[in-house]
Asker: 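The structure is given below, and queries will be raised subsequently.
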Amino acid sequence: MRTAHCAVEFGWNRVEYCPLAPNRVRGFWFKAEKESKMSGKVPYEETHLYRLRHSLAHVMAQAVLEMFPTGKIAIGPPIQDGFYYDFDLPRPLTPEDLKAIEKRMRNIIKKKHKFHRRELSAEEARQLFADQPYKLELIDGLEAGGVDEYGEPTDEPPVISTYKHDTFEDLCKGPHVDNLGEIHPKAFKLLKVAGAYWRGDEKRQQLQRIYGTAWETPEELEEYLHRLAEAEKRDHRRLGKELDLFSTEPDMLGGGLVLWHPKGGLMRHLAEEFCKNEHLAHGYDLVYTPHIGKSTLWETSGHLDFYRDSMYAPLDIDGQEYFLKPMNCPFHILMYKSSLRSYRDLPLRFAEWGTVYRYERSGVLHGLLRVRGFTQDDAHHFVQPEKMPQEIDFVLNFCLHILRSFGFTDFQAYLSTRPKEGKAVGDLQQWADAERALEDALKRANLPYDIDPGGGAFYGPKIDIKIKDALGREWQLSTIQFDFNLPERFDMTYIGEDGQPHRPYMVHRALLGSMERFFGVLIEHYGGAFPVWLSPVQVVLIPIADRHVPYCRQVAERLKAAGLRVEVDDGSERMGNKIRLAQKQKIPYMLVVGDKEQAASQVAVRLRSGEDLGPRDVAEVEQMILDAVASKQ
RNA sequence: GCCCACGUAGCUCAGGAGGUAGAGCAACGCCUUGGUAAGGCGUAGGUCGGCGGUUCAAGUCCGCCCGUGGGCUCCA
């Protein structure tokens with residue numbers, strides 16, 4: 001029971017707060033794609049690109065060993081967009097080294113060596129790699145066998161194979177290109193050196209990892225590098241500064257803590273206002289809970305046993321320990337327990353924009369996407385077990401409705417099912433019912449989904465929803481999770497039709513996840529050019545000369561009275577520069593006023609797309625903008 | 001936390017191999033009243049992240065600390 005709880009909470013945190021950069025969820029993608037019955041895509045491992053990247057990893061290892069003959073090599077797989085290889089070298093690599101390595105690689109490739117595969121016994125392999133301790137460890141693992149690359153037991157006898165090209169032979173299961181002539185010497189690039197632990201274990205040797213990207217053609221490489229540059233322009237940290245939305249102040253304030261500036265604060269207000277109203281309209285109650293609670297609360301919930309590493313040190317209040325909350329659920333449960341509940345009261349849906357604080361290691365903090373203090377759009381549903389199917393159906397649809405309202409239309413869902421025997425709590429029937437409820441809801445919602453078999457947490461299955469942003473990057477925002485466990489821990493009950501107490505089920509769910517993280521995603525998705533309803537400044541009036549300022553003010557007052565957010569740029573800059581500045585601020589409507597417009601009671605409308613709509617009557621423009629706001633464009 | 005890189009004016013950045021700080025933009029002032037992405041001139045603004053050390057002399061070299069960025073469960 002206790003371990004089960006650990007999974008609940010840890011899973012909840014991970015789901016929301018792993019940075020979810022594509023590379024970070026890669027392992028899961030491999031698996032999901034491999035086992036997907038829905039995607040129909042050719043698995044990455046079977047593509048030529050995969051072999052090409054894998055081969056380049058070997059070529060890179062050869063080049064590095066030529067430069068550092070005493071160097072030790074670890075592993076070097078293909079990854080999304082490229083490949084890497086981990087090395088244990090006598091000195092740190094410099095950017096100049098990367099260039100030199102790249103050059104050597106090109107020379108090796110040009111010789112068009114063939115790849116030769118051979119199988120050998122563990123003993124032969126040990127002799128071959130006698131001076132490569134990491135390889136020896138891998139060989140030991142292979143010989144012991146019984147585990148595939150996902151850590152799953154396998155019956156197949158281990159086969160040890162190597163691939164050799166030119167002078168370099170590496171322990172490798174392949175596959176590779178036939179010969180290096182298949183690789184265009186100008187279609188790859190080494191990107192960076194980074195630290196990585198042997199086998200991902202921070203207690204073990206830290207290695208130097210060289211990342212490279214590789215493609216079939218130089219054009220594709222260019223395109224990829226261009227994509228990276230585009231992504232950088234959209235970086236929410238850069239835009240947050242340029243648009244004056246938020247800041248962080250690590251020196252005096254502390255890392256991972258966010259200051260929402262007036263414009264960002266306004267956007268958050270608009271988003272929350274919309275969401276809260278939708279929650280109220282869909283059968284949720286809005287609640288508020290404190291930021292701290294006594295240690296007994298966190299003992300009961302299991303947080304102190306299993307989540308303490310992520311919690312901050314206690315406060316002493318009158319000799320009692322209080323903890324800053326890392327989650328809202330225990331408070332909502334206390335609220336549930338504050339009175340006797342009847343089946344007639346269920347489902348109860350407590351929603352809270354709850355601000356929580358969690359310790360994150362300093363190295364993982366990242367802008368708005370990974371922080372230490374954040375506000376979840378959290379809710380807990382308390383449900384009769386037999387009503388769970390309808391409840392999941394409801395929450396899933398509500399979730400999509402909210403996400404769509406912010407302009408996200410491309411979703412991918414993941415249904416994570418029961419882990420292996422002995423690794424799950426609850427009886428099989430509970431699980432089966434829950435999984436079926438989730439899957440049916442996914443079908444009814446007409447959502448593409450993949451199943452992640454055994455990927456559920458110990459306590460129950462879950463649905464995670466990822467959205468695809470304008471650059472095609474996936475971000476996980478929403479999670480909808482069953483919980484069989486906390487109701488037990490807190491001995492929650494409701495009185496059923498039979499007059500007897502029963503145990504409710506719980507759903508934890510966050511739709512936008514956290515306001516901080518969601519805001520970061522939103523900024524990157526729109527590149528700062530937000531939908532009109534969210535734009536901090538919706539309209540700027542641009543007088544061509546000072547004599548047009550009074551008329552501009554008059555129009556501005558009218559638009560403000562209609563509920564729009566309007567500014568008048570009465571500075572001494574020329575019109576061209578005012579347009580440029582408004583453009584940089586991504587203001588949706590620029591209304592230019594000169595003698596002609598003023599005389600005709602019009603404004604010349606320019607959109608941030610650059611489109612010039614020409615002179616329009618003020619009433620028409622007002623209606624056009626109001627329509628855009630209302631339709632959330 | 002660990003590895004690497006970085007930390008110079010509000011912002012973006014220059015400052016070959018040590019000799020008492022520069023540019024553009026922003027800000028402010030003056031001039032300009034200009035039709036769809038930068039009008040002109042001028043002014044002000046920096047204990048070069050912090051603390052120690054080497055040196056006649058340190059933004060520049062060394063050490064420690066703080067912070068930022070990229071990585072760190074992709075398994076031969």
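These figures come from a predicted structure and were not determined experimentally. Just so we're on the same page: letters track the sequence lines, and every chain starts at 1.
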Asker: Is it true that E232(A) and R237(A) make a salt bridge, defined as a side-chain N closer than 4.0 Å to a carboxylate O?
Answerer: no

Asker: When you measure from the centre of the six-membered ring of F115(A), is the NZ or CZ of K164(A) under 6.0 Å away and within 45° of the axis?
Answerer: no

Asker: Do any pairs count as a side chain to side chain donor-acceptor pair (under 3.5 Å) and have a residue in residues 603-612 of chain A, sequence neighbours left out, and if so which ones?
Answerer: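 Matches after skipping sequence neighbours: Q583(A)-R606(A).
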
Asker: Could you tell me how far apart L191(A) (CG) and A5(B) (P) are, to the nearest whole angstrom?
Answerer: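 Atom-to-atom, L191(A) to A5(B), this comes out as 17 Å.
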
Asker: Output the rounded distance in Å from CD (Q80(A)) to C1' (U73(B)).
Answerer: 17 Å

Asker: Mind checking what makes side chain to side chain donor-acceptor pair (under 3.5 Å) contact with R308(A), not counting sequence neighbours?
Answerer: none

Asker: Taking only the C1' atom of each, what is the distance from G29(B) to U55(B) in whole angstrom?
Answerer: 45 Å

Asker: Let me know the distance between CG of L98(A) and C1' of A5(B), rounded to the nearest Å.
Answerer: 12 Å

Asker: Roughly how many Å apart are G70(B) and G53(B), using the P atom of each and rounding to a whole number?
Answerer: 35 Å

Asker: Specify the residue among R209(A) and H54(A) whose closest nucleotide of RNA chain B lies further upstream toward the 5′ end.
Answerer: R209(A)

Asker: Could you tell me how far G45(B) sits from C72(B) if I compare only their C1' atoms? Round to whole Å.
Answerer: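 Approximately 41 Å lies between the C1' atom of C72(B) and that of G45(B).
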
Asker: Using atom types as modelled, flag every donor-acceptor pair under 3.5 Å from a side chain in residues 187-196 of chain A to any protein atom, sequence neighbours excluded.
Answerer:
none

Asker: Under a 3.5 Å cutoff on both atom distances, Watson-Crick or G-U, what's the dot-bracket for RNA chain B ([ ] crossing, | other strand)?
Answerer: (((((((..((((.....[..)))).(((((.......))))).....(((((..]....))))))))))))....

Asker: Enumerate the residue pairs fulfilling salt bridge (Lys or Arg N to Asp or Glu O under 4.0 Å) with a member in residues 62-72 of chain A, sequence neighbours excluded, ordered by first and then second residue.
Answerer: E66(A)-R104(A)

Asker: Can you tell me, in whole Å, how much space there is between the C1' of A9(B) and that of G71(B)?
Answerer: 32 Å

Asker: Could you tell me if the ring centre of F87(A) sits under 6.0 Å from that of Y85(A)?
Answerer: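 Yes - the distance between ring centres of F87(A) and Y85(A) falls below the 6.0 Å cut-off.
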
Asker: Cation-pi check, R517(A) to W475(A): give yes when NZ or CZ is under 6.0 Å from the six-membered ring centre and within 45° of the ring axis, no otherwise.
Answerer: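 That pair does not qualify as a cation-pi contact.
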
Asker: Taking U20(B) as the reference, what is the distance to G59(B) when you measure between their P atoms (whole Å, please)?
Answerer: 10 Å

Asker: Round to the nearest Å and state the distance from H58(A) atom NE2 to C75(B) atom P.
Answerer: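 One finds 14 Å between P of C75(B) and NE2 of H58(A), rounded.
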
Asker: Whole Å only: how far is the OH atom of Y84(A) from the P atom of C75(B)?
Answerer: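 So the OH-P distance, Y84(A) to C75(B), works out to 7 Å.
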
Asker: Taking atom P of C72(B) as reference, at what distance in whole Å does atom CD of E360(A) sit?
Answerer: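 After rounding, the gap between these two atoms is 15 Å.
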
Asker: Once you apply a heavy-atom cut-off of 4.0 Å, does A582(A) come out as touching a base, just sugar-phosphate, or nothing?
Answerer: nothing

Asker: Less than 6.0 angstrom separating the ring centers of H165(A) and H116(A), yes or no?
Answerer: no

Asker: With rounding to whole Å, what would you report as the distance between U32(B) and A14(B) at their P atoms?
Answerer: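 About 39 Å, rounded to a whole number of Å.
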
Asker: Could you tell me whether the side chain of E516(A) and the main chain of V258(A) form a donor-acceptor pair under 3.5 Å?
Answerer: no

Asker: Who passes ring pair (Phe, Tyr, Trp, His ring centres under 6.0 Å) against Y84(A), sequence neighbours left out?
Answerer: Y211(A)

Asker: Quick one: label I160(A) by what it contacts on the DNA or RNA (base, sugar-phosphate, nothing), any heavy atom closer than 4.0 Å.
Answerer: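 Base contact - I160(A) has a heavy atom under 4.0 Å of at least one base atom.
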
Asker: Report the residue (G200(A) or A604(A)) whose heavy-atom-nearest nucleotide on RNA chain B is the more 5′ of the two.
Answerer: A604(A)

Asker: Report the distance from atom CZ of R238(A) to atom P of G70(B), rounded to the nearest whole Å.
Answerer: 13 Å

Asker: Could you work out the separation of G40(B) and C25(B) based on their P atoms and round it to a whole Å?
Answerer: 8 Å

Asker: Is D201(A) touching bases, backbone alone, or none of the nucleic acid, heavy atoms closer than 4.0 Å?
Answerer: nothing

Asker: Please tabulate the protein-to-nucleotide N/O contacts below 3.5 Å involving nucleotides 37-44 of chain B, giving atom names and distances.
Answerer:
unit_1, atom_1, unit_2, atom_2, d
A37(B), N7, R606(A), NH2, 3.4
A38(B), O4', N577(A), OD1, 2.8
A38(B), N6, R580(A), NH2, 3.3
A38(B), N1, R580(A), NH2, 2.6
A38(B), N3, R580(A), NH1, 3.1
A38(B), N3, R580(A), NH2, 3.4
G39(B), O4', R574(A), NE, 3.0
G39(B), N9, R574(A), NE, 3.0

Asker: Return yes if a side-chain donor-acceptor contact under 3.5 Å exists between Y197(A) and R209(A), otherwise no.
Answerer: no

Asker: Can you list every pair that meets ring-ring contact (aromatic ring centres under 6.0 Å, His included) and has a residue in residues 244-265 of chain A, with sequence neighbours left out?
Answerer: W260(A)-F519(A)

Asker: Does G195(A) reach a base, just sugar-phosphate, or nothing at all? Heavy atoms under 4.0 Å.
Answerer: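 G195(A): base contact, heavy atoms under 4.0 Å.
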
Asker: Between G35(B), C11(B), C72(B), spot the one nearest the side chain of K241(A), thanks.
Answerer: C11(B)

Asker: With no hydrogens and no angle check, just 3.5 Å: does a side-chain donor-acceptor pair link T162(A) and E169(A)?
Answerer: yes

Asker: For E169(A), report the nucleic acid contact type (base, sugar-phosphate, nothing); a contact means any heavy atom under 4.0 Å.
Answerer: nothing

Asker: Using a 4.0 Å cut-off on heavy atoms, which residues in residues 66-77 of chain A reach RNA chain B? List them by number, or say none.
Answerer: I75(A), P77(A)

Asker: Please report the distance, rounded to the nearest Å, between CG in L245(A) and C1' in C11(B).
Answerer: 15 Å

Asker: Restricting to salt bridge (Lys or Arg N to Asp or Glu O under 4.0 Å), what partner residues turn up for D170(A), sequence neighbours left out?
Answerer: K135(A)

Asker: Please list, pair by pair, any protein nitrogen or oxygen found under 3.5 Å from a nitrogen or oxygen in nucleotides 67-69 of chain B.
Answerer:
unit_1, atom_1, unit_2, atom_2, d
G69(B), OP1, R237(A), NH1, 3.3
G69(B), O3', R237(A), NH1, 3.3

Asker: I'd like to know if Y197(A) reaches the base of C2(B) with its side chain, counting only an N/O donor and acceptor under 3.5 Å.
Answerer: yes

Asker: Taking salt bridge (Lys or Arg N to Asp or Glu O under 4.0 Å) as the test, write out the residues that go with R553(A), two or more places apart.
Answerer: D570(A)

Asker: When rounded to the nearest Å, what value does the distance between C1' atoms of A57(B) and G18(B) take?
Answerer: 8 Å

